[in-house]
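Worksheet for the structure shown next.
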2 protein chains.
Amino acid sequence: MSILKNINKVFDHRVRLGIMSVLMTNDSLDFITLKKLLDITDGNLASHIKALEKENYIKIRKSFIGRKPNTQYSSTHLGTLEFKKHLTALEHLINIKI
Amino acid sequence: MSILKNINKVFDHRVRLGIMSVLMTNDSLDFITLKKLLDITDGNLASHIKALEKENYIKIRKSFIGRKPNTQYSSTHLGTLEFKKHLTALEHLINIKI
DNA sequence: AAGTTAACTTTGTTATACAAAGTTCTTTAA
DNA sequence: TTAAAGAACTTTGTATAACAAAGTTAACTT
């Protein structure tokens with residue numbers, strides 16, 4: 001059994017790690033905010049969001065703020081749970097003694 | 001400027017993160033030990049090792065133990081430095097407040 | 001001489017990441 | 001009432017990365 005067994009592949013990429021990290025301390029964030037925080041193209045952001053959505057790690061709420069369309073992203077219960085597990089696995093990994 | 005700016009892409013993959021992690025607490029480890037710890041094929045391990053070697057993050061020492069060939073891998077000064085930077089960046093990322 | 005093990009390298013395939021361009025919907029300006 | 005613009009995508013195409021499996025080399029062991 002590998003020392004990597006509890007490392008979640010979905011969170012293995014910096015962009016998805018970044019998205020989940022900021023969604024831990026923010027109830028929800030919109031597309032543009034995420035895009036600016038991560039400094040990536042909108043297409044690229046959309047695809048990473050989709051990967052997290054596919055796993056039910058984040059959820060989407062569409063609305064209008066004033067008269068502008070606005071999409072808010074937030075972590076699901078599952079997403080929060082799995083992300084915390086991943087962080088615990090990371091901690092164990094970087095403190096490992098063989 | 002992105003919240004990911006200090007995240008090192010070389011350490012972005014779980015296998016390379018795993019290799020560096022175990023090399024932090026072990027002066028050196030050999031190929032077979034790494035292979036067992038990570039539970040990956042030897043070809044795959046060799047290519048991840050190569051990626052770290054290319055960046056001068058790990059160094060190789062070939063010798064014989066008794067009469068068996070043995071290759072020991074260890075972190076370079078640069079590797080240790082950059083890995084610690086990466087871990088600090090990770091900590092900041094997962095504790096980020098916007 | 002034949003088999004074994006360590007540590008690779010090579011080959012080929014699949015998956016992932018990414019930019020850039022195109023799309024849809026809606027508002028705001030001329 | 002047409003035009004421009006912005007948000008949030010989707011599509012397309014390309015480049016890179018990851019991976020398994022098979023092949024290779026050098027040395028030992030039997």
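Every chain is numbered from 1, with letters handed out A, B, ... down the list of sequences. Computation of the quantities below employed the complete heavy-atom set of this structure, encompassing side-chain atoms and omitting hydrogens, waters and symmetry-equivalent molecules.
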Open item on the list: What is the distance, to the nearest angstrom, from the CG atom on A:D30 to the C1' atom on D:dG6?
Closed with: 13 Å
TODO: Among the candidates C:dA17, C:dA7, D:dA18, find the nucleotide nearest to the side-chain atoms of A:R16.
DONE: C:dA17
Open item on the list: Just the rounded figure in Å: distance from P of D:dA18 to NZ of B:K54.
Closed with: 11 Å
Open item on the list: Using a strict threshold of under 4.0 Å (side-chain N to carboxylate O), is an ion pair present between B:E53 and B:K50?
Closed with: no
Task: For atom CG of A:L38 and atom P of D:dA8, their distance in whole Å - done: 14 Å
TODO: Flag yes if A:L81 and B:I94 sit in one hydrophobic cluster, no otherwise; membership is Ile, Leu, Val, Met, Phe, Trp, Tyr, and two members link when side-chain heavy atoms are under 4.5 Å apart.
DONE: no
Task: Residue B:F31, side-chain heavy atoms: nucleotide from C:dC8, C:dA17, D:dA8 that is nearest - done: C:dC8
- [ ] With the side chain of B:I32 defined as its heavy atoms from C-beta on, choose the nearest nucleotide among C:dA7, D:dA18, D:dA8.
- [x] C:dA7
Open item on the list: Return whichever of A:H48 or B:N44 has its heavy-atom-nearest nucleotide of DNA chain C closer to the 5' end.
Closed with: B:N44
Task: Nearest-neighbour nucleotide for the B:T41 side chain, D:dA20, C:dT9, D:dC19 considered - done: D:dA20
Task: Close side-chain approach of B:L17 and B:F83, heavy atoms under 4.5 Å - done: yes
- [ ] Report the residue (B:I40 or A:I49) whose heavy-atom-nearest nucleotide on DNA chain D is the more 5′ of the two.
- [x] A:I49
Open item on the list: From the set C:dA7, D:dC9, D:dT10, return the single nucleotide nearest to any side-chain atom of B:Y73.
Closed with: C:dA7
TODO: Look at the side chain of A:A46 and decide which nucleotide, out of C:dC18, D:dT10, C:dC8, has an atom nearest to it.
DONE: D:dT10
Open item on the list: Distance check needed: C:dA17 P versus A:F11 CZ, whole Å only.
Closed with: 14 Å
Open item on the list: Could you check whether A:N44 and A:T41, counting side-chain N and O atoms only, form a donor-acceptor pair closer than 3.5 Å?
Closed with: no
Task: Atom-to-atom span, NZ of B:K50 to P of D:dA17 - whole angstrom - done: 13 Å
TODO: Would you indicate, yes or no, if C:dC8 has its OP1 or OP2 atom less than 4.0 angstrom from a side-chain nitrogen or oxygen of B:K62?
DONE: yes
Task: For atom CG of B:D12 and atom P of C:dA17, their distance in whole Å - done: 9 Å
Open item on the list: Using the side chain to side chain contact (heavy atoms under 4.5 Å, CB included) definition, which of the options B:N8, B:I3, B:L4 pairs with A:R14?
Closed with: B:L4
- [ ] Can you figure out which of C:dC18, C:dA7, D:dC9 approaches the side chain of A:T71 most closely?
- [x] D:dC9
TODO: Report the distance from atom NZ of A:K9 to atom C1' of D:dA17, rounded to the nearest whole Å.
DONE: 13 Å
Task: Per A:R14 side chain, nearest of listed nucleotides C:dC18, C:dA7, C:dT9 - done: C:dC18
Task: Rounded distance (Å) that lies between atom C1' of D:dA8 and atom CD1 of A:I60 - done: 10 Å
